[in-house]
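Structure, as structure tokens:
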Amino acid sequence: MTERLRLTLRVDADNKPALGHGKIRLLEQLAETGSISAAGRAMGMSYRRTWLLVDSLNQLFREPLVVTRPGGGGGAFLTAEGEAVVRCYREIEKEAAQAAAEQLAELEKLLTPQVG
């Protein structure tokens, strides 16, 4: 990979954006924190925005990717399907970056030089 360029991926489903680096990072944050609100805060998002993204992901897949814990403690966790989605996306991302490394290096040479 180059120093200035980064390949990012978006996966569309039914001609609509479904997964990208932001939603995947949200799922990773949720897995780390065990909380929808903490994951959103870590990414600078409101609870409402975070919850809407989680809900849209849960509706997109056959099985929910995130499940909330009922009861006093609350919290949330990734399901096995959620973990599989993150793993698959990261593998696709890794393979795409490897496949595009030569072309990205070539593009980097064409960039305006950085100042400073």
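None of these values were measured; they are calculated from a predicted model.
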query: Under 3.5 Å, is there a donor-acceptor pair linking the side chains of S35 and S37?
result: yes

- prompt: Any chain of hydrophobic side-chain contacts (each under 4.5 Å) joining L65 to L60?
  reply: yes

field: NZ-OG distance between K16 and S56, expressed to the nearest 0.5 angstrom
entry: 11.0 Å

field: Non-hydrogen side-chain atoms of T50 and L30 separated by less than 4.5 Å
entry: no

message: For R90, is there an ion pair with E28 - N to carboxylate O distance below 4.0 angstrom?
response: yes

- prompt: Out of curiosity, I24 CD1 to L19 CG, how far, rounded to the nearest 0.5 Å?
  reply: 4.5 Å

task: Please check if the side chain of K23 supplies one atom and the backbone of A18 the other of a donor-acceptor pair under 3.5 Å.
output: yes

- prompt: Should E81 and F61 count as side-chain neighbours, where that means a heavy-atom distance under 4.5 Å?
  reply: no

field: Beyond-backbone contact of L111 with L5, side-chain heavy atoms, under 4.5 angstrom
entry: yes

- prompt: Roughly how far, to the nearest 0.5 Å, is the OG1 atom of T112 from the CZ atom of R4?
  reply: 7.0 Å

- line: On a heavy-atom basis, the closest approach of T79 and P64 is OG1-O, 2.6 Å

task: Could you state whether I36 and F77 fall into the same hydrophobic cluster, counting links through intermediate Ile, Leu, Val, Met, Phe, Trp or Tyr residues with side-chain heavy atoms under 4.5 angstrom apart?
output: no

- request: Start with the C-alpha gap between R6 and T8, add the side-chain angles, then the distance that decides, and say whether side chain to side chain contact (heavy atoms under 4.5 Å, CB included) holds.
  value: CA-CA 6 Å; R6 177 176 70 110; T8 59; 3.5 Å; yes

message: So R49 and L53, do their side chains get closer than 4.5 Å, heavy atoms only?
response: yes

- prompt: Can you find a heavy atom in the side chain of V54 that is under 4.5 Å from one in the side chain of L26?
  reply: yes

task: Indicate the atoms forming the closest heavy-atom contact of Q59 with D55, along with that distance.
output: NE2-OD2, 2.7 Å

query: For the atom pair CD (Q103) and CD (E108), what is the distance rounded to the nearest 0.5 Å?
result: 13.5 Å

query: Can you tell me how far the CD atom of E32 sits from the CG atom of L27, to the nearest 0.5 Å?
result: 11.5 Å

field: Non-hydrogen side-chain atoms of L52 and Y47 separated by less than 4.5 Å
entry: no

E63: salt bridge (charged side-chain N to carboxylate O under 4.0 Å, His left out) partners, not counting sequence neighbours: none

- line: All heavy atoms of A42 vs all of Q29, minimum pair found to be CB-OE1, 3.1 Å

field: Spatial distance of atom CG (L9) from atom NE2 (H21) [nearest 0.5 Å]
entry: 10.0 Å

